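Worksheet for the structure shown next.
In this text the structure is predicted, and so the values were computed from the model without any measurement. Per chain, numbering begins at 1; letters A, B, ... match sequence-line order.
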Amino acid sequence: MTETLLDVQGLKTCFYTEDGVVPAVDGVSFHINRGETLGMVGESGCGKSVTSLSIMRLIPWPPGRIVEGKVWFEGQDILAKSEPEMRKIRGNEISMIFQEPMTSLNPVYTVGDQIAEAIQLHQGLGRREAARKTVDMLRLVGIPLPERRAHEYPHQLSGGMRQRVMIAMALSCNPKLLIADEPSTALDVTIQAQILELMKRLKRELGMAILLITHDLGVIAEMAQRVVVMYAGRIVEEADVISLFRRPLHPYTDGLLHSIPRIDAKKGRLHVIEGVVPNPLNLPPGCRFHPRCPYAAEVCRKEEPPLEEAGPGRRVSCWRRAERLEVA
Amino acid sequence: MAQGNGGTLVEVRNLKKYFPVTGGVFSRVVGHVKAVDGVSFSIRRGETLGLVGESGCGKTTTGRVILRLLEATAGEVLFEGRNVFKLNKEELRRLRRKMQIIFQDPYASLNPRMPVGDIIGEPLEIHGVARGAEKEKRVKQLLEVVGLSPFHARRYPHEFSGGQRQRIGVARALALNPELIVCDEPVSALDVSIQSQVINLLEDLQKEYRLTYLFIAHDLSVVKHISDRVGVMYLGKVVELAPEEELFRSPLHPYTQALLSAIPVPNPEVRRERIVLEGDVPSPLNPPPGCRFHTRCRLAEERCRLEEPVFTDRGGEHFVACHLGAAH
């Protein structure tokens, strides 16, 4: 039943800048099963967006390049594909939506034309067919009066409507995997709720898998079945969503979960993760989290912990896991 | 969370701010954006009043009009009993010492060409409080108060992370020993782990210096955490205002109810009933007649379309503007 759709192994993507080589994604491995939502959390600069762009082979060279690793999609190595082959996969098999719908839409074409273009290009439909499908897609994502809206330009739509258009475009070719990079972050909370409900409904109806990238743990808790947590270019923890929120194993995950103010909790001083995210040009030796970790020991400063099995479906990269469990 | 000790510091009465909209060849005024349209509330000495609402609801404009960074269209603001709008230039300048602001974007609100020491010391000089060695001493002291080091005074804003820059903004706001600080989305641009550091700092400073905060934010979890009382704005009006616990436990306005239910809760094991609002916020250029929320309200009746509800106390300082609530 659980069949692997996407399998990322040892992915490493570097950016070659004037100041040096930045390993934005540094040996990341994870998989996504057919029809499931995998949440990817982390703070800015942790490498979550670069991971998704690497999967789509959209890393601009220069300055960026995938230097190591394999990305298997339905058993095929995406990184070995030619650019024309890749173009068939993008949009058709794997689609992507971004945080800022205004910058991802072309301001001088109507939204209908933009969606129709994608449909014509990827599915080889005629103009009239594509126009009909466009209206169907706009209706599917809950845009009122889709026939009329198709003739409007992006600036005539609100932020929430634009994000719906992006989703309509992304889903127009029935992709098997949708990569959603902070899809609701730029939106107001009531509009965010609309978009999250829409994504849940579409996933139910269309059965695609979703890679959901966000920094919002609330969105993760609501949408994802499994979660990977990223820190400074690495995955530090992986778990099913319930286990992760019940008992986070990595001190970073634990710190994150405790540092957010919660609507469902009592007041009191907020937990703080001391310090700041390390400079990727000058990563600390050993465990990358050790300068901010309250449990750091000698070994953490010297050697980098491997990402190890920690129960069914769980992985964590922490030397102090056993000791921390005893305390807990 | 310092509790207000009764005395009123700021009294806002029927505040209005309209922005003219021009059009046509002669740039004639063709309409007004009613950003703030008849808002009344008070802020008690030592308390934190939270102001929440979605983009375009007028919360930021309200904060700026109170500080007279924008001139009001109508209404009055009393600061320690004196009408802020009636002050002459010199009186206003003196009052400005007592009212400061912290902005959302720590990247845009600090002059990139000034060393941090000058940024923080500038208000001291402008208001003739301190100069020379005395100023430097005070700057160093302020840097320590916000958790930075005295040697940071020589550095430039780009050398700091987002969280540190926000601390610089806080230090500058504190320089003149103000009574009121308007915090306009002070943590929205920060990463989760950095957010909690800044929130804790703001709370510590409030206790130590008996500060009063008007805390403007769209993130309800943050507002709930820091506020003693919370006001909810929609389309230029405050629709509900109550002590924090009361508001989050038993919201009376259908908009507040929807807003609260829309927040994704970071707990995957809780499934809540969500009220998803249909449509978008109407244009403030031409707000709907009657109750402004009636176009999206699931409980709207005939009366709501015709008559504007009055903002009334339903007991226990729980104010709401809704025709329906009274019957519930």
Side-chain angles (χ1 to χ4, degrees), chain A residues 41-46 142 144 157-161 184 187-194 196-198 214-225 227 240-246 252 255-265 267-277 279 292, chain B residues 1 52-57 147 160-164 187 189-201 203-204 218-228 234 244-245 248 255 258-272 274-281 283 296:
Chain A
V41 248
E43 299 179 278
S44 39
C46 71
L157 304 176
S158 66
M161 284 296 154
S184 59
L187 305 172
D188 274 318
V189 57
T190 63
I191 308 299
Q192 163 169 287
Q194 292 176 358
L196 295 182
E197 293 297 326
L198 171 68
T214 178
H215 69 282
D216 188 329
L217 289 156
V219 172
I220 290 282
E222 185 167 329
M223 304 287 291
Q225 280 94 59
V227 187
D240 67 275
V241 70
I242 297 206
S243 308
L244 188 89
F245 281 80
R246 269 194 196 162
Y252 176 62
L256 272 189
L257 283 172
H258 283 101
S259 63
I260 40 175
R262 300 175 63 128
I263 210 97
D264 55 349
K267 294 190 180 201
R269 223 175 138 71
L270 288 175
H271 176 83
V272 159
I273 302 177
E274 295 296 342
V276 293
V277 177
N279 179 352
R292 305 177 73 188
Chain B
M1 297 141 280
V52 288
E54 300 182 277
S55 40
C57 71
F160 294 87
S161 67
Q164 287 175 317
V187 297
L190 306 176
D191 268 321
V192 185
S193 75
I194 308 300
Q195 255 191 25
S196 57
Q197 295 176 359
V198 174
I199 292 171
N200 282 350
L201 172 69
E203 289 186 326
D204 292 345
H218 69 278
D219 185 328
L220 285 120
S221 319
V222 171
V223 167
K224 175 182 180 355
H225 177 84
I226 202 165
S227 304
D228 299 304
Y234 186 79
E244 165 267 315
E245 267 184 55
F248 284 80
Y255 176 64
L259 203 57
L260 293 184
S261 80
I263 310 166
V265 172
N267 182 348
E269 293 172 81
V270 179
R271 284 281 164 260
R272 290 178 315 158
R274 172 173 283 168
I275 310 161
V276 176
L277 288 181
E278 299 293 326
D280 292 305
V281 181
S283 163
R296 300 171 81 196

- request: Could you look at A:Gln194 and say if it's the side chain, the backbone, both or neither that has a heavy atom under 4.5 Å from chain B?
  value: both
query: With only heavy atoms counted, which part of A:Leu196 is less than 4.5 Å from chain B, the side chain, the backbone, both or neither?
result: side chain
- prompt: What part of B:Gln164 lies closer than 4.5 angstrom to a heavy atom of chain A: side chain, backbone, both or neither?
  reply: neither
- prompt: chain B heavy atoms under 4.5 Å from A:His258: which part of the residue, side chain, backbone, both or neither?
  reply: neither
Value rounded to 0.5 Å, distance of CZ in A:Arg246 from CG in A:Leu257: 14.0 Å
- prompt: Side chain, backbone, both or neither: which part of B:Val222 has an atom under 4.5 Å from a heavy atom of chain A?
  reply: both
message: Within the 4.5 Å heavy-atom criterion, are B:Arg296 and B:Val281 side-chain neighbours or not?
response: yes
query: Quick one: what part of A:Ile220 sits under 4.5 Å from any heavy atom of chain B, side chain, backbone, both or neither?
result: neither
field: Student check: side-chain heavy atoms of B:Ile263 and B:Ser221 closer than 4.5 Å
entry: yes
field: Interface residue of largest heavy-atom contact number with chain A, from B:Asn200, B:Val276, B:Ile199, under 4.5 Å
entry: B:Asn200
message: Contact between A:Leu270 and B:Glu203 at the side-chain level, heavy atoms closer than 4.5 Å - yes or no?
response: no
message: I'd like to check the salt bridge (charged side-chain N to carboxylate O under 4.0 Å, His left out) partners of A:Glu274; sequence neighbours left out, ordered by chain and number.
response: none
task: Could you tell me the separation between the CG atom of A:Asn279 and the OG atom of B:Ser161, rounded to the nearest 0.5 Å?
output: 11.5 Å
task: Using non-hydrogen atoms and a 4.5 Å limit, figure out which bit of A:Met223 sits close to chain B: side chain, backbone, both or neither.
output: neither
message: Quick check on B:Glu269 against chain A: is it the side chain, the backbone, both or neither that has a heavy atom closer than 4.5 Å?
response: side chain
- prompt: What part of B:Asp204 lies closer than 4.5 angstrom to a heavy atom of chain A: side chain, backbone, both or neither?
  reply: side chain
Which atoms of B:Ser55 approach chain A - backbone, side chain, both or neither, heavy atom under 4.5 Å: both
query: Using non-hydrogen atoms only, which part of B:Leu277 is less than 4.5 Å away from chain A: side chain, backbone, both, or neither?
result: both
